[in-house]
Amino acid sequence: MARRARDPFGFDEATAAAWLGGVRAVLWPYFRPQVIGAEHLPTGAAQIVGCHSGVIPYDAATVLVAHYDATGRYARAIGDNLFGQIALVRDFLSRSGAVVGRPDVVEALLRAGHHVLVFPGGARDMERSYLTDRYTVLPHRGYAPGHGGYIKIALRTRTPIVPLAVVGAEEAHVMLANVPPLARIVGLPLFPFVMFPLPLPVKLYIRFGTPIHLPGTPADARRQKRVDALNEMVRGRVQALIDDTLQRRDGVIFSTYRASPPRRRRTGRWTSPLPSRGRGPGG
């Protein structure tokens, strides 16, 4: 039997369709995602930029389904370098549309008009303790000063960034701590100590914000101070979108979503478990 043709990036539509179908069949009825702001997804190329939520990437899998349902297009996800170390996993990821640790390929995908799903914090996002750092976009990995590769790519390709918030997945397992020695033994980026080994049937909220068109030119991609400033701005926008979504959520498992955030109390504080950050939700 002849092998199906792939595109120049290794993508195979049949594999991607089967993968999304499996996610829809298993995760969709369990987590019941509610998608907000899909109208913000542009018709042209864009990076969809968020922060991993929870110790297992339910967020990335469900976002890919939500994106396809909203646009009829397959978003290309950027995977952590860890997953590129196993040949079979790397091959499956490329066939299903993921790209592992290749900025040059990300840039080529954008120039070809694709949507690319990026979590700049990578697997380190999943190390956050629920007790201290839940729903916090920490300034590490791609969000750290001196980095911001996704910003450089956006400047060079002149493509927008769509901020992404996923709320709910952090409560699925509730990570209490990471055990690095055990993680090193088993060769994983983290070894989580969780409250619930099996995921709770939390309700997920997937929210796309207003696209950010970065001010600047391709030449600014070579100015690290400029990149750092834009990186911090985008990190703030993602954080603000997460905070605003948390404020609108009422409940965790049997949850509802308010059309607008609750009014401030007389003390001037929001009812959110975390203070709002950034320059506004943007969507």
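Owing to the predicted nature of the structure, the values given are computational and were not obtained by experimental measurement.
Note on Val118: it does not cluster hydrophobically with Leu138, by side-chain heavy-atom contacts below 4.5 Å among ILVMFWY residues.
Side-chain contact, Asp125 with His140: a donor N or O sits under 3.5 Å from an acceptor N or O. Using modelled atom types and a 3.5 Å distance limit, the side chains of Arg207 and Thr245 yield a donor-acceptor pair. With no hydrogens or angles considered, a side-chain donor-acceptor pair links Tyr130 and Glu171 at under 3.5 Å. Side-chain contact of Asp243 with Gln247: a donor-acceptor pair under 3.5 Å is absent, judged by distance alone.
Side chain of Arg248 to main chain of Ala259: a donor-acceptor pair is present (N/O by atom type, distance under 3.5 Å, no hydrogens or angles). Counting only distance, with no hydrogens or angles, the side chain of Arg128 and the backbone of His52 share a donor-acceptor pair below 3.5 Å. Proximity of a side-chain donor or acceptor of Ser255 to a complementary backbone N or O of Ile253 within less than 3.5 Å is not detected. With hydrogens and angles disregarded, no donor-acceptor distance shorter than 3.5 Å links the side chain of Asp244 to the backbone of Pro261. Judged by distance alone, the side chain of His115 and the main-chain N or O of Gly44 form a donor-acceptor pair under 3.5 Å. In this structure, the side chain of Gln224 engages the main chain of His147 through a donor-acceptor pair within 3.5 Å. Although no hydrogens or angles enter the test, the distance criterion places a donor-acceptor pair under 3.5 Å between the side chain of Asp228 and the main chain of Gly146.
Considering Thr71, Asp69, Val65, Leu64 in turn, Thr71 is the only one that fulfils the side chain to side chain contact (heavy atoms under 4.5 Å, CB included) rule with His67. Leu164 pairs in a side chain to side chain contact (heavy atoms under 4.5 Å, CB included) with only one of the listed residues (Asp59, Val238, Ile242, Leu117), which is Leu117.
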Using atom types as modelled, flag every donor-acceptor pair under 3.5 Å from a side chain in residues 172-201 to any protein atom, sequence neighbours excluded.
{"unit_1": "His173", "atom_1": "ND1", "unit_2": "Phe196", "atom_2": "O", "d": "2.8"}
{"unit_1": "His173", "atom_1": "ND1", "unit_2": "Pro197", "atom_2": "O", "d": "3.4"}
{"unit_1": "His173", "atom_1": "NE2", "unit_2": "Tyr58", "atom_2": "OH", "d": "2.8"}
{"unit_1": "Asn178", "atom_1": "OD1", "unit_2": "Phe191", "atom_2": "N", "d": "2.8"}

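Environment of CZ in Arg222: sparse, with no more than 12 heavy atoms of neighbouring residues, nucleotides or ligands closer than 6.0 Å.
Judged by the 6.0 Å and 45° rule, Lys203 forms a cation-pi pair with Tyr205.
Annotation: the span from Gln47 atom CD to Leu214 atom CG amounts to 8.5 Å, rounded to 0.5 Å.
We find that Arg223 and Asp220 are joined by a salt bridge, their nearest charged nitrogen and carboxylate oxygen being less than 4.0 Å apart.
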What verdict does the ring-ring contact (aromatic ring centres under 6.0 Å, His included) test give for Phe208 and His40, after you've listed the backbone C-alpha separation in whole Å, the side-chain angles of each residue and the deciding distance to 0.1 Å?
CA-CA 6 Å; Phe208 301 101; His40 294 312; 8.8 Å; no
